[in-house]
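Below is one structure, written out as structure tokens, with a few remarks after it.
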Number of protein chains: 2
Amino acid sequence: MTLTELRYIVTLAQERHFRRAAERCFVSQPTLSVAIKKLEDELDVTIFERNRSDVRVTMAGERIVAQARKVLEEAELVKQIAQEGKGQINLPLRIGAIFTVGPYLFPHLIRNIKPIAPEMPLILEENYTGVLRQKLRNGELDAIIISLPFEEPDVDIQDLYDEPFEVLIPADHPLAKQEKVTRKQLEKENILMLGEGHCFRDQVLNACPGILKHSDETSLPQGTSLETLRHMVASGLGITILPSSSSDKHIYDSDTIVERPFAGKTPYRRVSLVSRKRFSRPKAIEALVQAITSCSLQGAANL
Amino acid sequence: MTLTELRYIVTLAQERHFRRAAERCFVSQPTLSVAIKKLEDELDVTIFERNRSDVRVTMAGERIVAQARKVLEEAELVKQIAQEGKGQINLPLRIGAIFTVGPYLFPHLIRNIKPIAPEMPLILEENYTGVLRQKLRNGELDAIIISLPFEEPDVDIQDLYDEPFEVLIPADHPLAKQEKVTRKQLEKENILMLGEGHCFRDQVLNACPGILKHSDETSLPQGTSLETLRHMVASGLGITILPSSSSDKHIYDSDTIVERPFAGKTPYRRVSLVSRKRFSRPKAIEALVQAITSCSLQGAANL
DNA sequence: GTTACACGATAGCATATGGCGATTGCAATC
DNA sequence: GATTGCAATCGCCATATGCTATCGTGTAAC
């Protein structure tokens, strides 16, 4: 049984005339005759009663033809659905971002992607780099936004932006009076840090190797998010280091906390988008990159 | 797009593994690979994302596969429906009978066909021979029960039974006292007849050629059915001639009307079943004939 | 680091299928 | 009796579909 054969019987049932039905199917009359006989043989049912003057659908044939019509309708829907799926940017895209990027990037992203891909809803998630990597690999996510370094086989990595680190200081802290803060100065302070697993923690430690020992000694609490760190700084518990995008707008004014750049070489992190090589919707990724790089994130330098 | 291809993608979506999917489809792995690529090309959509380690269904693919599954289900139903339609005696059969046969045959027929073809409902109709002929020809009826003579191309005629004519007389009529009635005697009586178009009318006139003139002169009313004739006889309006099967059981006892056979050669009619040659369900016709010839109709001689 | 393996893609070839035009056979009609 | 119209049949061809063998690559094992 083939879709073509089903198309033939449906048409013949309508036309009740082999030659006309054949024409409507764009085949010759013998082709139609043979195909219909073949189907009748396969199903072992006489679908059409051939008379000299007239072709008539048998009672069993009526039901078969009706069902054949259904099959063809559903088959048409396959094409239609394929057509819809073809655009690449009209189906949901599943995106993950690390905890220290998502909250600050997503609002801009959502706004910017609307005009580029209005039909592409974003399914968003925040997680650790390792979890995101896993979910990207096994297909639970289509793209992840992480911070370099990031190594993974079979992926495309597109750099999005660099963002500098800055120091967040309680307004009444002595360091708040300085224009810039040196790494040396930080080593004597209580530096509040994210917990292990956050890549930003590692990046901060990398940028300021001296702060770890001190912080460990005082056994400061580990922040679970950049915002909790900010709250703790505001409460006077210590100093922290944040990526600039996180200080875009927040609830504390400069009487409570102040941001200060690093003296000397500014530490920064590079944020990149990772997708599987051979992912079926490169255009969706492209649209995503375009949307992100057109975001004006506080302090970030688009690439 | 073919049903085979749809079967392939559904299986591959389940197995997520070309070789295993190919096995389950009873084809080689290259066959599956090529077929799926072909479908993807035709639909212009990537349905599967091939990775070294893993085959994954794309988002567009998910919807396509789901729809493909529907198509296959409907296609399965075609086979199932065909299977059901194959028995020939498990679908309604549309039967017509002439007015003078239907009322007396149908009750027996219904009873007798039950054990032979319990799954075959009968759609019944009574009409004139000419109308039945037309409906058989254009497929509105599958079989008709008429009385010979009957000529028609492209049909099979199977004789069912012969039934004698008898004379129906009011019990208080002088003729009621006789054992038999001669044609001569009838010529002097008021003979009640069916209206034109009923073949039984013609058969009666054929059997007793002398009665017409007399009846016309007295301009008796024409009966619309054998039963109305019987009622009129019971009311004393005249005498009539009936086929024996019609006197099986009726509401009048022998104090009101009596049946008398013809003297000499008994006139009779032959009742036959007509179906189209090449009708798709010969078994249904066969069952029908068997059911009818096993009826014990009053006075009839099965053939 | 090398070998072995597993997987899907590709190539080359055989065969089945589906298609065609031409023809036949049969009724109906003129 | 000739013609017409119809579906069935025949013989032929192009293509589609399937196979085996092989390749390229990434992964696992030793």
Side-chain angles (χ1 to χ4, degrees), chain A residues 1-9 11-42 46-58 61 134 137-139 151-156 276-280, chain B residues 1-9 11-43 46-58 61 137-139 151-156 276-280:
Chain A
M1 183 169 59
T2 69
L3 288 173
T4 309
E5 285 163 359
L6 297 182
R7 211 166 289 124
Y8 289 167
I9 64 170
T11 310
L12 181 57
Q14 278 176 14
E15 292 290 339
R16 298 168 45 134
H17 192 286
F18 275 75
R19 196 179 47 71
R20 281 201 303 275
E23 267 172 26
R24 276 194 38 197
C25 292
F26 306 106
V27 295
S28 68
Q29 171 262 315
T31 299
L32 191 80
S33 278
V34 169
I36 283 179
K37 191 161 176 39
K38 171 169 167 291
L39 183 60
E40 285 183 329
D41 286 348
E42 179 185 338
T46 304
I47 302 174
F48 297 98
E49 194 178 312
R50 287 91 155 155
N51 245 323
R52 331 248 138 281
S53 49
D54 193 23
V55 174
R56 200 174 303 120
V57 187
T58 65
Q134 190 56 37
R137 191 206 304 262
N138 68 25
E151 294 290 331
E152 173 82 0
D154 276 325
V155 297
D156 286 326
R276 291 187 298 280
K277 258 175 189 154
R278 302 186 209 69
F279 175 55
S280 57
Chain B
M1 183 168 60
T2 70
L3 288 173
T4 308
E5 285 162 0
L6 297 183
R7 211 165 291 124
Y8 289 167
I9 64 170
T11 309
L12 182 57
Q14 278 176 14
E15 293 291 339
R16 298 170 42 135
H17 191 286
F18 276 76
R19 195 178 48 73
R20 283 200 302 276
E23 266 172 28
R24 277 194 38 198
C25 293
F26 306 106
V27 295
S28 67
Q29 170 263 314
T31 299
L32 190 81
S33 278
V34 170
I36 283 178
K37 191 160 175 43
K38 174 170 165 288
L39 182 60
E40 285 183 330
D41 285 349
E42 178 185 338
L43 297 180
T46 304
I47 302 173
F48 298 99
E49 194 178 314
R50 288 91 155 155
N51 245 324
R52 331 251 135 279
S53 50
D54 192 23
V55 175
R56 201 174 302 119
V57 187
T58 65
R137 191 205 304 261
N138 68 25
E151 295 288 333
E152 174 80 2
D154 276 325
V155 297
D156 285 325
R276 292 188 298 279
K277 260 176 189 153
R278 303 185 208 69
F279 174 56
S280 57

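Here the structure is a predicted model, which means the values were calculated and not measured. Each chain gets a letter, A, B and so on, in the order its sequence line appears, and its residues count up from 1.
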Any pair with a residue in residues 29-39 of chain B that passes salt bridge (charged side-chain N to carboxylate O under 4.0 Å, His left out), sequence neighbours left out, goes on the list, sorted by first then second residue, please.
->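 Checked against salt bridge (charged side-chain N to carboxylate O under 4.0 Å, His left out) - neighbours excluded - the pairs reaching residues 29-39 of chain B are Glu5(B)-Lys38(B).
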
Would you mind classifying the nucleic acid contact of Tyr8(A) as base, sugar-phosphate or nothing, using non-hydrogen atoms under 4.0 angstrom?
->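 Touches sugar-phosphate only.
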
Would you mind reading off the distance between Glu49(B) atom CD and dG8(C) atom P, rounded to a whole angstrom?
->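 The answer, rounded to whole Å, is 14 Å.
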
Between dT9(D) atom C1' and Lys38(A) atom NZ, what is the distance in whole Å?
->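 Whole-Å distance recorded here is 18 Å.
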
Rounded distance (nearest 0.5 Å) linking atom CG of Leu3(B) with atom CG of Leu6(B) =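 The CG atom of Leu6(B) is 6.0 Å from CG of Leu3(B), to the nearest 0.5 Å.
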
Just how far is it from atom OG1 of Thr4(B) to atom CG of Leu39(B), taken to the nearest 0.5 Å?
->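 One gets 11.0 Å once the value is rounded to the nearest 0.5 Å.
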
Just the atom pairs and distances: protein N or O near nucleotides 26-30 of chain C's N or O, under 3.5 Å.
from    : atom 1 : to       : atom 2 : distance (Å)
dA27(C) : O5'    : Arg52(A) : NE     : 3.3

Residue-phosphate contact under 4.0 Å: Ser28(B) side-chain N/O, dC19(D) OP1/OP2 =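 So the side-chain polar atoms of Ser28(B) do come within 4.0 Å of the phosphate oxygens OP1 or OP2 of dC19(D), strictly under.
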
So, the side chain of Thr58(B) versus the backbone of Ile47(B): is there a donor-acceptor pair under 3.5 Å, distance only?
->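 Answer holds: yes.
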
Where along residues 12-27 of chain A does a heavy atom come under 4.0 Å from DNA chain D, residue by residue in number order?
->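 DNA chain D contact set from residues 12-27 of chain A: His17(A), Phe18(A), Arg19(A).
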
Partner residues of Glu40(A) under the salt bridge (charged side-chain N to carboxylate O under 4.0 Å, His left out) criterion, sequence neighbours left out =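 Counting only residues at least two positions away or on another chain, Glu40(A) forms a salt bridge (charged side-chain N to carboxylate O under 4.0 Å, His left out) with Arg50(A).
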
Can you name the residues that form a salt bridge (charged side-chain N to carboxylate O under 4.0 Å, His left out) with Asp54(A), not counting sequence neighbours?
->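 For Asp54(A) the salt bridge (charged side-chain N to carboxylate O under 4.0 Å, His left out) partners, ignoring immediate neighbours, are Arg16(A), Arg56(A).
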
Do any of residues 29-37 of chain B sit with a heavy atom less than 4.0 Å from DNA chain C, and if so which?
->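 Nucleic-acid contacts, sorted: Gln29(B), Pro30(B), Ser33(B), Lys37(B).
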
Quick one: list whatever passes side-chain contact (heavy atoms from CB on, under 4.5 Å) with Gln14(B), sequence neighbours left out.
->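 side-chain contact (heavy atoms from CB on, under 4.5 Å) list for Gln14(B), sorted by chain: Val10(B), Arg24(B), Arg69(B).
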
Apply side-chain contact (heavy atoms from CB on, under 4.5 Å) to Glu23(A) and list each qualifying residue two or more places apart in sequence or on a separate chain.
->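 Scan of Glu23(A) (side-chain contact (heavy atoms from CB on, under 4.5 Å), adjacent residues dropped) gives Arg19(A).
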
Sequence neighbours left out, what passes side-chain hydrogen bond (donor to acceptor under 3.5 Å, both in side chains) with Arg7(B)? Give chain and number order.
->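 Arg7(B) satisfies side-chain hydrogen bond (donor to acceptor under 3.5 Å, both in side chains) with no other residue.
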
Donor-acceptor pairs under 3.5 Å, side chain of residues 29-36 of chain A to any protein atom, not counting sequence neighbours: which ones?
from     : atom 1 : to       : atom 2 : distance (Å)
Gln29(A) : NE2    : Ser33(A) : OG     : 3.1
Thr31(A) : OG1    : Ser28(A) : OG     : 2.9

